[in-house]
Structure formats: C-alpha cells, structure tokens
Amino acid sequence: MGLETHRRKVSAQKRAAILKAARVNFLRNGYSRAGMADIAREADVSTATLYKHFASKETLFTAVVKEASRGSGNYDGVIAPEDSPRDAIYKICRTYLSAQFEHGANALMRIVIAEVPGAPELARDMYEILGNRRSDTLIKAIDTLIEQGKLRPHDSAFSMRLGGGMLKEVFVWPALFDAEAALPPDTEEKIQGVIDAFLALYGPGSAD
C-alpha cells in the first residue's frame, strides 16, 4: 500500500469514526447541547482533525443526516419484477417505516424541529434531505410500478405524498412526540389498511 493510499484510508476511518460519534452525541443531547470537543473525544480524534473534516457543527449534523438518509431512504432494488401490486406497495411501506423507526429518522426529525426557531437554515437543509430527496426515490419507485402495469397511470408525485401522508398520520406523527415510540402491535393490520386505500385509488383496476 502506497503512502498516499494509506493516508486516504486513515482519513476515511477518522471521518467514519467522527460521524458515528456525532450521531450518538446528537441523538443523546440534541443539536444545541452537542459539543464538538465531546464528539472529537468520543471519536478518538483531535478537535483539529474534526474541524479538518467538518468546518462547523451544522456541517457535521448535515453529514450525519445525509448518511442516515443514504442508507434508509433508497428504494432502488426494493421491488422485484414478480411482486404483485400489494406486495410491492407493502415493501415500500416497510422500507419507509424502517427508515423512520430503525434508522433514526424520527429522532433526527425531532432534533431538527426543536432547532427551527434558532437555526432555520439547518431546518431547510434537513427538509431537503429527509423530505425532498427521499420523495424523489419514492416517486421513482411508483413510476416503476406504473411502467410495469401494477398501478394505473397517474400523477406519481401526488400519490407519493398521499401514501406517505397516510403512513405519517398513522405511524410517524405520534412518534415525533414520544422519544420512546415504537411501531405498534397492530402495525401489519394498519399497513394493509393503508395499502387498501392506496390501491383503491391507484391500483390497476381502479377508476380514473
């Protein structure tokens, strides 16, 4: 391994350690109370190294949210060609809820909402990452189902917001007011209810 390759590897390892420590710190303390020195110490790097990778706490928090959304808000490959319309929508719902409850999106959203009055730029950045970018991948998934004939042709941007709105109303909004919230015992039944409503509007046999 050459010297430059070794340096890049070490730098990537330090960046990953910083992001991991920052995520833990932000979720534990919130944005305002999280300290860059504490994050550096928990990542086992110097404060100078931390600032070399991330110029500010806002930049670091944005990177944490981007990393979380990159792994949990991607719907590419979720749907298989042989999936029925119901199976396909079910997989989309489950992927969405996994992002919210298992990958920390609910907790990150709570942090952002708390910071809106004092850091509106941060809130706008987070809305772009957690809202618009994930919406684009959801629209792409719905367009794929339309192309496959599993949903009737329609405005996929609108149906994405309608379907996402149902999931938020049933599962996400309650969790934003309860840090200990988890998916309820009747999650499967509620998901099927959301799918019933969505397919009644946009299923292949639904009326225009």
Side-chain angles (χ1 to χ4, degrees), residues 15-45 50 53-54 56-75 78 90-138 160-195:
R15 186 179 191 278
I18 292 168
L19 286 171
K20 182 178 179 180
R23 181 184 176 94
V24 171
N25 202 292
F26 284 128
L27 292 177
R28 182 179 65 230
N29 300 316
Y31 179 81
S32 296
R33 294 189 301 277
M36 295 291 270
D38 292 334
I39 292 170
R41 183 174 59 256
E42 292 169 17
D44 196 25
V45 300
L50 188 155
H53 285 274
F54 303 99
S56 66
K57 184 163 69 169
E58 181 175 339
T59 301
L60 178 55
F61 185 71
T62 299
V64 168
V65 176
K66 284 182 177 178
E67 185 181 56
S69 66
R70 187 177 299 115
S72 61
N74 187 355
Y75 294 81
V78 168
Y90 177 82
K91 287 181 177 180
I92 291 174
C93 290
R94 273 296 182 183
T95 301
Y96 185 96
L97 293 176
S98 175
Q100 294 298 133
F101 287 87
E102 296 171 24
H103 293 273
N106 285 339
L108 292 171
M109 287 171 67
R110 281 194 293 269
I111 293 172
V112 172
I113 291 169
E115 298 300 326
V116 169
E121 300 85 1
L122 176 67
R124 284 194 293 269
D125 288 344
M126 296 309 100
Y127 181 78
E128 174 64 25
I129 296 168
L130 290 174
N132 292 341
R133 292 184 190 178
R134 189 162 66 171
S135 296
D136 290 342
T137 65
L138 276 166
M160 177 279 301
R161 294 196 177 278
L162 190 63
M166 287 190 284
L167 291 175
K168 290 184 179 78
E169 184 66 29
V170 175
F171 298 105
V172 176
W173 298 141
L176 294 184
F177 297 92
D178 180 1
E180 304 301 321
L183 288 172
D186 61 347
T187 291
E188 284 295 318
E189 179 182 348
K190 288 179 176 176
I191 289 176
Q192 293 302 326
V194 169
I195 296 172

- Message: Could you walk me through whether R33 and F26 satisfy the side chain to side chain contact (heavy atoms under 4.5 Å, CB included) test, starting with their C-alpha distance in whole Å, then the side-chain angles of each, then the deciding distance to 0.1 Å, before giving a yes or no?
- Response: CA-CA 8 Å; R33 294 189 301 277; F26 284 128; over 6 Å; no
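- Taking 4.5 Å as the limit, every side-chain heavy atom of V24 sits out of range of all side-chain heavy atoms of I39.
- With a 4.5 Å cut-off on side-chain heavy atoms, F101 and F171 count as touching.
- Of all the heavy atoms in Y90 and E188, the pair that sits closest is OH-OE2, 2.6 Å.
- Side-chain contact between L50 and K57: absent, with no pair of heavy atoms (C-beta onward) separated by less than 4.5 Å.
- Taking CG of L138 as the start and OH of Y75 as the end, the distance is 4.0 Å to the nearest 0.5 Å.
- Using a 4.5 Å heavy-atom cutoff, the side chains of M109 and Q100 are in contact.
- Separating the CG atom in N106 from the CZ atom in F177 is a distance of 11.5 Å, to the nearest 0.5 Å.
- Contact detail for A17 and A43: the closest heavy-atom pair is O-CB, 3.6 Å.
- Interatomic distance, C93 SG to Q192 CD, rounded to the nearest 0.5 Å: 8.5 Å.
- Legend: residues meeting side chain to side chain contact (heavy atoms under 4.5 Å, CB included) with I113, ordered by chain and number and at least two apart, are L176.
- Separation of atoms CG (L27) and CZ (R110) is listed at 9.0 Å; rounding is to 0.5 Å.
- Counted within 6.0 Å of CZ on R15, heavy atoms from surrounding residues, nucleotides or ligands total 12 or fewer; the atom is thus considered open.
- Counting only heavy atoms from C-beta outward, the side chains of Y96 and K168 approach each other to under 4.5 Å.
- M166 approaches V194 most closely through the heavy-atom pair CE-O, 3.8 Å.
- No side-chain donor-acceptor contact under 3.5 Å links R94 to the backbone of I191.
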- Evaluate the criterion side-chain hydrogen bond (donor to acceptor under 3.5 Å, both in side chains) for residue pair T59 and T62; output intermediate values, then yes/no. CA-CA 5 Å; T59 301; T62 299; over 6 Å; no
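- With Y31 contributing its side chain and E58 its backbone, the two residues share a donor-acceptor pair below 3.5 Å.
- Listed by chain and residue number, N25 satisfy the side chain to side chain donor-acceptor pair (under 3.5 Å) test with N29 (two or more places apart in sequence, or in another chain).
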- Message: L167 vs V172, test: side chain to side chain contact (heavy atoms under 4.5 Å, CB included). Steps then yes/no.
- Response: CA-CA 7 Å; L167 291 175; V172 176; 5.6 Å; no
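- Electrostatic pairing of K190 and E169 does not count as a salt bridge here, judged by no charged N lying under 4.0 Å from a carboxylate O.
- Other residues, nucleotides and ligands contribute at most 12 non-hydrogen atoms within 6.0 Å of the NZ atom of K20.
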